[in-house]
Number of protein chains: 2
Amino acid sequence: MRNIKIKDKCKDCALYSDGKLFCAQLSGDELCELSNQSRTLSMKRGDTLENEALAHWPIVAIDSGVLSMQHLLQDGRKTIAALFMRGDIIDLRNISNRNRGALIALGNVDVCRLSPKIFEQIMGHNPDAQKVIWENLRDQAFRAMDHSGDIAKKQALEKLASFIFECRNRQVGFTDGDLVKIPVRRIDLAEYLGMQPETVSRCFKDLEKRGVLEAPSLNALKLLNVPMLRRIANGDKDVLANESRIRVLKIA
Amino acid sequence: MRNIKIKDKCKDCALYSDGKLFCAQLSGDELCELSNQSRTLSMKRGDTLENEALAHWPIVAIDSGVLSMQHLLQDGRKTIAALFMRGDIIDLRNISNRNRGALIALGNVDVCRLSPKIFEQIMGHNPDAQKVIWENLRDQAFRAMDHSGDIAKKQALEKLASFIFECRNRQVGFTDGDLVKIPVRRIDLAEYLGMQPETVSRCFKDLEKRGVLEAPSLNALKLLNVPMLRRIANGDKDVLANESRIRVLKIA
DNA sequence: TGGGTTTGTTGATCGAGATCAATCTTTTCT
DNA sequence: AGAAAAGATTGATCTCGATCAACAAACCCA
């Protein structure tokens, strides 16, 4: 009876139905307990997880959609410091004092606010769950470091190329294919990469002109020349030299 | 007898002698086992932890000094994606395939390469140690995200101000004082913040001119106006407006 | 102790991308 | 469905910080 109720709540959630994710590692009892003590939440674009809510529910698991961590500067400039997606678990316990950003949905997002108590119990007793959660946090950390490296010195075109690979690596049915879904809007993409939407638009156009990809819609790309995109992402200036040579000829 | 040998090896290491860090959480037996199976290493500026070495010793704990994670672009541009210091534990298990950066010492660094087997055992059985290590990784993740936010949209002066606060927060005897140690060289600082050494130099001079701080040496700062530094770090343009007003007057 | 190398500073110029402005497209809401 | 709002694109101009160059200082290492 009780198990049936839990199944209703969790059976469609990625965290349970995807064998690689957290809830799939739990025993029946653990899942039951965690499910009962946790709360799901559907968010839509612009919705924010407020600090007061996070004080009681500091652990947030993403079922679907894209949640962003945003930093706001005094004069209104905004940056997206991180993107959280399906399977990510955000643990904000005891860091309310820090200068942390706000968690804002970039579209429709389904999250589950996990009970810290049960979460901690599971962490202590279930090695499989512990491993999954540890690797997820490690991914978050290294992804953030990679991202720092990307935006620190790379040029606009190179940043965009890196971002396309980040999307390809993170997408669910990653089949090494040439179709990449861009799960965020241009304006969010710009804020994540530390550039202006205008520049993002120009860079996509540039990549199309170079024959590297096609953009049939705003949230889908077809990669036509993955090696070249890779070289652009890695800061290979020879790939880009082509155009400047043309420019020199025109001037001469 | 065995315990005495271990003490010789570990007794001066921060990870053991600082009660908040990892090895201080271990029981005598655990410490003994971990110590026997682990290897210390002294690095000096420029030394790199090579991939082959990391394959066998993928878990690195920092005793003292500053270790950097560096990304290198094809054309020689370099960025420092993260800084690791005293107490940080870097877990690189199973991510050799990723486009990860190289771990390079920025000065004299003492590290301990922990045995993955014993580390995992301790993770599974010692809740205190587990908690310390979990919070350390979480710090690394959120610090990297903060850093991404900083370098994405902030101006040079604002980035430097943020970095000064990062140093203040991380320094060991953090007493909320006005003395901040800068543990890296200007050139590394520039690479971490995604700017040029020239710009770093100019920004320090600018902050001195504004009376925000004094720089008696290259690796020490005395803060004279912490609130203003904070406002600069937070992107408050009113603080900076002062100078442009002067410029307008000069032009007029 | 002194010469050589790396690092840091200062000044002058240039360019990638920000900003501003106008228009077009997509999404959202009633 | 249709109006209104939000987002995306395109073009023109401007600015901050990169780049180049030259020098000064600090740090090695014999």
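The basis for the numbers below is simple: all heavy atoms, side chains too, and nothing from hydrogens, waters or symmetry mates. Chain naming here is simple, since letters A, B, ... match the order of the sequence lines and numbering starts at 1 in each.
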Send over the distance from [X] [atom1] to [N] [atom2], rounded to a whole Å.
X	N	atom1	atom2	result
A:K153	C:dG17	NZ	P	14 Å
A:K154	D:dA18	NZ	C1'	19 Å
A:K205	C:dT25	NZ	P	14 Å
A:M195	D:dG17	CE	P	18 Å
B:L207	C:dT9	CG	P	13 Å
A:E208	D:dT9	CD	C1'	12 Å
B:I182	C:dG8	CD1	P	12 Å
B:L189	D:dG17	CG	C1'	16 Å

Between [options], which nucleotide gets closest to the side-chain atoms of [X]?
X	options	value
B:I187	C:dG8, C:dA18, D:dT10	C:dG8
B:R186	D:dT10, C:dT9, D:dG17	C:dT9
B:T199	C:dT10, C:dT7, D:dG17	D:dG17
B:R185	D:dA18, C:dG8, C:dG17	C:dG8

- Please state whether the base of C:dC20 and the side chain of A:E198 form at least one donor-acceptor pair under 3.5 Å?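 Flag set: donor-acceptor pair detected.
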- Query: Between the base of C:dG8 and the side chain of B:R202, is there any donor-acceptor pair under 3.5 Å?
  - Reply: no
Can you tell me if [X] uses its side chain to pair, donor with acceptor, with the backbone of [Y] under 3.5 Å?
X	Y	result
A:R186	A:L218	yes
A:N234	A:D236	no
B:Q171	B:V180	no
A:R113	A:V60	no

- Task: Check the side chains of B:Y192 and B:Q70 for a donor-acceptor pair under 3.5 angstrom, ignoring hydrogens and angles.
- Result: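 Judged by distance alone, the side chains do not pair up.
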- Please tell me which of A:Q196 and A:L218 maps to the more 5' nucleotide of DNA chain C, matching each residue to the nucleotide holding its nearest heavy atom.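 Closer to the 5' end of DNA chain C: A:Q196.
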Under 4.0 Å between any heavy atoms, over every strand shown, what does [X] touch: base, sugar-phosphate, or nothing? Just pick one.
X	value
B:G194	sugar-phosphate
B:R77	nothing
B:Q155	sugar-phosphate

- Query: Does OP1 or OP2 of C:dT7 have a side-chain N or O of B:R45 closer than 4.0 Å?
  - Reply: yes
